[in-house]
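Everything numeric here is computed off the predicted structure, so don't read it as measured data.
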Amino acid sequence: MSAAESKNAGSRQVHGPGRPMTAAEKGWWLGLGLWLVVFAFWRPEPPPIYTQVPSVKKDPDGYRIFYEMVAKQGKSVSRSLRSPKHLKNKDVLVLLRPSKGLDQQSREALMKWVSESGGTLVVGYPLWSPDGTLLESPFLKEAHWNLSLWKEREAQLQEVTYSPVNVDAPREVAPFTMKLRGEMALGAGSSTALAYGDAKQVLASWDAYGAGQIIQLSDAALLSNESLGFKKSHIFAAALLDEIGRDKHWVFDESNEGVSIQPALAPLLGSGRFRAVFLQLLLFFLFWYWYKTRRLTRIHTPVMERDVREVTTLAADIGRFYFGARKSSWALSRYLEFFKRRIQLANMSPAERNSALQTASLARQVLDGQESAEIQLNMIRKMAEHRQVFRKKQRDEE
């Protein structure tokens, strides 16, 4: 076997489809598997892009001014497109006149958040159910039997008067005039009025519920951009912050505005507490794999060898040539020597080696027994069939 053939055999071992994986490849696949497991079970909240939600809008019906007021005077403020059950470490949840109806699941989530978290829910009416029916409470009927309820009333101009509830030194809020819709009917429990109209109808109420509390505004327009921007209810909004507490973490619920979180790989990987570690590990595995498998020379594609059928045909043709010259025994002896040399150089499994040695032993018996030319030709064919094993297992010749 020439040095070139041996080199090609070694190349076939490296590039062949049946070769075992290297340590670098095993490490790469292990790292990739662990990365995928983390990716499958890690659920950070993707950072959505807020553009058309009420707390961002600058139009008169939006609540951007109130959001910025909370941002300046409160401890922290954020927006959420997810259900309240996903909120953690938040003290105040603001739900101002959502554009989509509140279904039963959303209302149950609000009830559970208030009663268990001990937080404050600020609600601005009107509220709707998914079928378009006006709601008298954000909670389900079985939960609001003793809470203040919203009553529909045609919008009319009235003078609003603030009535302190939870502050020792209440802010002085001068009465202001606004056109407001609806009113609150105080419940039988701990309901208290926060604001009155000129006919003594309740326009804002405070209720305890479970471990938390709920503040309800008969009309969310009390906190709208138009109201605060024209200096109508801005002092009342500041007093509302005093009632709730300025050391609270606020979140505006925008989950009912028809804006959804669009799953994308980049935002998903780019959010969460350990995003930097996660991305750096991925980058490390990429470079580590490149380092372990790098090549400093051009890759040469090995020459394709004939398959077993072609090699067997070639052996038969050579055999017939020698048999025609009455040299059948000599041809078998030469091919047997070549076959033994390939067995010595091949990196085969014990079972493959035993099979090849048995074939060589049988060929020696045929040769010593001076069998017919046809039997000797068949023996050459049988040895040639081992060529496929040699092609996969051949080692480089030293």
Side-chain angles (χ1 to χ4, degrees), residues 54-55 60-79 90-97 114 117-125 138 147-148 150 156-187 189-209 211-253:
S55 60
D61 292 335
Y63 306 100
R64 179 168 181 169
I65 296 178
F66 181 61
Y67 182 90
E68 293 177 349
M69 177 185 289
V70 175
K72 291 180 180 179
Q73 301 184 23
K75 192 168 186 179
S76 71
V77 64
S78 60
R79 302 179 177 93
K90 299 297 181 182
D91 305 307
V92 185
L93 178 61
V94 182
L95 180 64
L96 299 175
R97 197 182 60 189
V114 176
S117 70
T120 300
L121 174 64
V122 179
V123 176
Y125 287 90
L147 298 179
S148 300
W150 184 79
Q156 58 182 341
L157 193 66
Q158 50 189 315
E159 188 178 72
V160 182
T161 303
Y162 165 62
S163 177
V165 175
N166 285 327
V167 287
D168 297 329
R171 183 186 298 266
E172 184 176 348
V173 180
F176 56 95
T177 302
M178 281 189 65
K179 191 174 185 178
L180 300 174
R181 173 187 180 184
E183 64 177 299
M184 301 303 303
L186 295 179
S190 58
S191 302
T192 307
L194 268 174
Y196 291 99
D198 49 13
K200 295 302 179 182
Q201 65 269 32
V202 178
L203 300 179
S205 63
W206 179 95
D207 291 89
Y209 182 75
Q213 58 187 352
I214 174 173
I215 294 176
Q216 302 180 78
L217 308 178
S218 64
D219 195 332
L222 283 166
L223 301 178
S224 68
N225 291 335
E226 182 180 20
S227 175
L228 299 181
F230 283 98
K231 306 297 183 182
K232 295 180 180 179
S233 61
H234 62 292
I235 304 299
F236 172 75
L240 191 62
L241 267 69
D242 294 336
E243 293 281 350
I244 296 172
R246 296 178 180 270
D247 59 342
K248 306 295 185 181
H249 298 281
W250 292 58
V251 59
F252 280 62
D253 185 352

Student: Would you check if there is a donor-acceptor pair between the side chains of Asp207 and Ser191 at a distance under 3.5 Å?
Tutor: yes
Student: When rounded to the nearest 0.5 angstrom, what is the spacing between OG in Ser227 and CE in Met178?
Tutor: 3.5 Å
Student: Which atom pair, heavy atoms only, marks the closest approach of Ser78 to Tyr67?
Tutor: CA-OH, 3.6 Å
Student: Which distance, rounded to the nearest 0.5 Å, do you find between the CG of Leu180 and the CG of Leu222?
Tutor: 5.0 Å
Student: Are side-chain heavy atoms of Arg97 and Asp61 found at a separation under 4.5 Å?
Tutor: yes
Student: Show the nearest heavy-atom pair for residues Val165 and Ala193, with the distance to one decimal.
Tutor: CG2-O, 3.7 Å
Student: To the nearest 0.5 Å, tell me how far Glu243 CD sits from Asn166 CG.
Tutor: 5.5 Å
Student: Testing the 3.5 Å rule here: is there a donor-acceptor pair between the side chains of Gln216 and Trp150?
Tutor: no
Student: Of Leu223, Leu203, Val123, Leu194, which meets side-chain contact (heavy atoms from CB on, under 4.5 Å) against Leu217?
Tutor: Leu223
Student: Check the pair Trp250, Asp91 against side chain to side chain contact (heavy atoms under 4.5 Å, CB included), reporting the backbone distance first and the verdict last.
Tutor: CA-CA 6 Å; Trp250 292 58; Asp91 305 307; over 6 Å; no
Student: What's the separation between atom CE in Met184 and atom CD1 in Ile215, rounded to the nearest 0.5 Å?
Tutor: 11.5 Å
Student: Flag the pair Ser148 / Trp206 as yes when at least one side-chain heavy-atom distance between them is below 4.5 Å, and no otherwise.
Tutor: no
Student: Return the CD to CZ distance between Gln158 and Phe176, rounded to the nearest 0.5 Å.
Tutor: 10.0 Å
Student: How about Phe236 and Pro175: do any of their side-chain heavy atoms sit closer than 4.5 Å?
Tutor: no
Student: Which pair of non-hydrogen atoms, one from Val92 and one from Ile244, has the smallest distance, and what is that distance?
Tutor: CG2-CG2, 3.4 Å
Student: Do the side chains of Phe252 and Val122 get nearer than 4.5 Å, heavy atoms only?
Tutor: no
Student: Is any NZ, NE, NH1 or NH2 atom of the basic residue among Arg64 and Glu68 found under 4.0 Å from an Asp or Glu carboxylate oxygen of the other?
Tutor: yes
Student: Nearest 0.5 Å, what's the OG-CD1 distance between Ser55 and Ile65?
Tutor: 12.5 Å
Student: Show the nearest heavy-atom pair for residues Val167 and Tyr162, with the distance to one decimal.
Tutor: CG2-OH, 3.9 Å
Student: Would a 4.5 Å heavy-atom cut-off, applied to side chains only, mark Lys248 and Lys75 as touching?
Tutor: no
Student: Does the side chain of Tyr63 reach to within under 4.5 Å of the side chain of Ser224, using non-hydrogen atoms?
Tutor: yes
Student: Looking only at heavy atoms, which two atoms of Pro170 and Pro164 are closest? And how far apart?
Tutor: CB-CG, 3.4 Å
Student: Please report the closest heavy-atom contact between Asp219 and Lys179, naming both atoms and the distance.
Tutor: OD2-O, 4.4 Å
Student: Please check if any side-chain donor atom of Ser117 sits under 3.5 Å from a side-chain acceptor atom of Lys90, or the reverse.
Tutor: no
Student: Do the side chains of Gln213 and Thr120 get nearer than 4.5 Å, heavy atoms only?
Tutor: yes
